[in-house]
Number of protein chains: 2
Amino acid sequence: MESNQSRAPSDAFGPSIYITQQQGTTRSAQQLLSPDERRRLALLASIQHFEAGDFLFHEGDPATTVYNIISGVAKSVALLEDGRQAVVAFFLNHDLLGMFEAQRYAQSAQAITPLTVYSLPIDALERLLRRDPNLQLHFLCKLSHELRAAQRQAIVLGKFSAIQRVALFLDFLDRHPQMHERDNEQVTIPMDRADIADYVGLRIESVSRVLQKLHRDRVIHVDGRHRFRILDRNAFNRAMGSPVTAPESIEASQSAIT
Amino acid sequence: MESNQSRAPSDAFGPSIYITQQQGTTRSAQQLLSPDERRRLALLASIQHFEAGDFLFHEGDPATTVYNIISGVAKSVALLEDGRQAVVAFFLNHDLLGMFEAQRYAQSAQAITPLTVYSLPIDALERLLRRDPNLQLHFLCKLSHELRAAQRQAIVLGKFSAIQRVALFLDFLDRHPQMHERDNEQVTIPMDRADIADYVGLRIESVSRVLQKLHRDRVIHVDGRHRFRILDRNAFNRAMGSPVTAPESIEASQSAIT
DNA sequence: CGTCTACTTGAAGTGAGTCAATAATGGTGG
DNA sequence: CCACCATTATTGACTCACTTCAAGTAGACG
């Protein structure tokens, strides 16, 4: 949190896995691994750098390595045989990439910004997980969080409007401390419009239009291509179509446990 | 040996987890658990029945139980605060339901047909998985398959047309032997149009129109509400937008590793 | 055999896509 | 440091796929 990277990783204690818990209003990130587990993982890991645009691996490659992101942003993309691309997920600090791909990587992974990662040979990792069931359970937990995130994304793509999709995506960035420089309101958008569009299931023109509409309506301030800030949190939450942060809308939303 | 439940289910050897592997053209289902592992799981499990329409659990309930389906079909649904429903997944024979929900179930689960399941208390299961890392690794493997399935679904919802979505859904049913009575071509559609619509991200009218169009075009035969059969496999594969089963289309599809 | 619900069909509306023309950005070399 | 160019993003006009609204029809079940 407070430190930065000297040349080793952010917090220099080895691989790191976070999950984000959502309890009603409060949201908290928590480290899944104990210092000791991180040390044991560090014994298998080596640190690797990628430039923006580099591929960590390609769809169909034999799956040999799991990556744990130390800094930077990556995406995982699937090619649709008609030439289009789908961005399946973005990966930030503490995320796990290339996990349990059953022989071959199911998607390609590409660095969006300069990237520093731990790379873990998959067979050594598997041996470790067989020896250490508690550690393995932490991986299981992370994986189940990814699953829930993927399901949420499927719901968003299946049911939500263009405005909702883009707002939800901006919210995803906003929730990540790494995207805020020195904890101000300013949020960095590391990827280009095409990546956003391929992630939220729209065309880049539609992404642009939504962004400009939110800007015109003074819900957010869009500053160039790679920066924005939320101006009106309530309006923004309304745009996402979710319950607002401050309790103020006493509508008909008090049936099931939300 | 196979002591425990004798009056029990179809294959009377305890919980069962399958994954479906896709190697180019060939597709194979494989049992992840050894007979011994299944026996050990059976010691924790009890068998439970549900009627069509019954809820196994509701969104927000404390997560206490993992279900392994013996027979029947269930769905997992999320409520969108505007009252709409999203069907996140359908669960068939051998599937795992309610896995690792971190305190509370993230979605509701409801039986679509009469349902028989093994129910596994989550804390006992967790203890077992801590003691048995190899078994745990099988759960990890299943979970990673679910993740990939959810990502695939997200791509489908984000990028594919109505025809493709419905065809892909029908293909999902067709690939499951349980949906074929006595291995003929006839496929059962256990769920109603609303469930299909909420799963593929369309309105029920659109699902109906696509179904009728495929019927009129003699790609499939729709027999009442709950039965169909594929008449023209190549046309059907074209409708899904995937590479055809029989190699016959030598178009421009030989670039990247597909 | 009648009634209820689930499904189908048609006509009209609309949100996002497409195509095409600018306009910002940002990187590069003069 | 600025001018230039190649990219990347925005904007506008038009189209189309899917939705919406509104009947009608057919299965299922008592």
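Fair warning: this is a prediction, and the values are worked out from it, not measured in the lab. Chain letters run A, B, ... following the sequence lines, proteins first, then strands; residues in each count from 1.
Looking at which nucleotide of DNA chain C each of A:Ser161 and A:Arg225 is closest to, the 5′-most match is held by A:Ser161. Between A:His226 and B:Arg216, the one whose closest nucleotide on DNA chain C sits nearer the 5' end is B:Arg216.
Look at A:Ser208 and you won't find any side-chain N or O under 4.0 angstrom from OP1 or OP2 of D:dA9. Within the structure, a side-chain polar atom (N or O) of A:Ser206 is placed less than 4.0 Å from OP1 or OP2 of C:dG17.
Within a 6.0 Å radius of CD in A:Gln48, more than 12 heavy atoms belonging to other residues, nucleotides or ligands are found.
Put simply, CZ on B:Phe228 is 17 Å from C1' on C:dC7, counting in whole angstrom units. At whole-Å resolution of the value, NE2 in B:His215 and P in D:dA26 are 13 Å apart. Atom-to-atom, CD of A:Gln212 to C1' of C:dT22 comes out at 14 Å; the value is rounded to the nearest Å. Rounded to whole Å, atom P of D:dT20 lies 12 Å from atom CD1 of B:Ile204. In this structure, NZ of B:Lys159 is placed 13 Å from C1' of C:dA16, rounded to the nearest angstrom. Straight-line distance from the CZ atom of A:Phe160 to the P atom of D:dT19: 15 Å, rounded to whole Å. With rounding to whole Å, B:Arg203 atom CZ is found 12 Å from D:dC21 atom C1'. Atom pair B:Asp198:CG and C:dA6:P shows a separation of 13 Å (rounding to whole Å applied).
Between A:Arg227 and A:Glu181 there is a salt bridge, since at least one side-chain N of the basic residue sits less than 4.0 Å from a carboxylate O of the acidic one.
No hydrogens or angles were tested; on distance alone, a donor-acceptor pair under 3.5 Å links the side chain of B:Arg209 to the base of D:dT20.
For the pair A:Val187 and A:His180, the minimum side-chain heavy-atom distance is below 4.5 Å. B:Arg84 has its side chain out of reach of A:Ile155: every pair of non-hydrogen atoms, C-beta onward, lies at least 4.5 Å apart.
Scanning both residues, A:His215 and A:His221, for their nearest heavy atoms gives CE1-ND1, 3.5 Å.
Backbone-only engagement by B:Leu202 is indicated by non-hydrogen atom pairs under 4.0 Å involving sugar-phosphate atoms exclusively.
Residue A:Glu205 places its side chain closer to C:dT18 than to any other of C:dT18, C:dG26, C:dC7.
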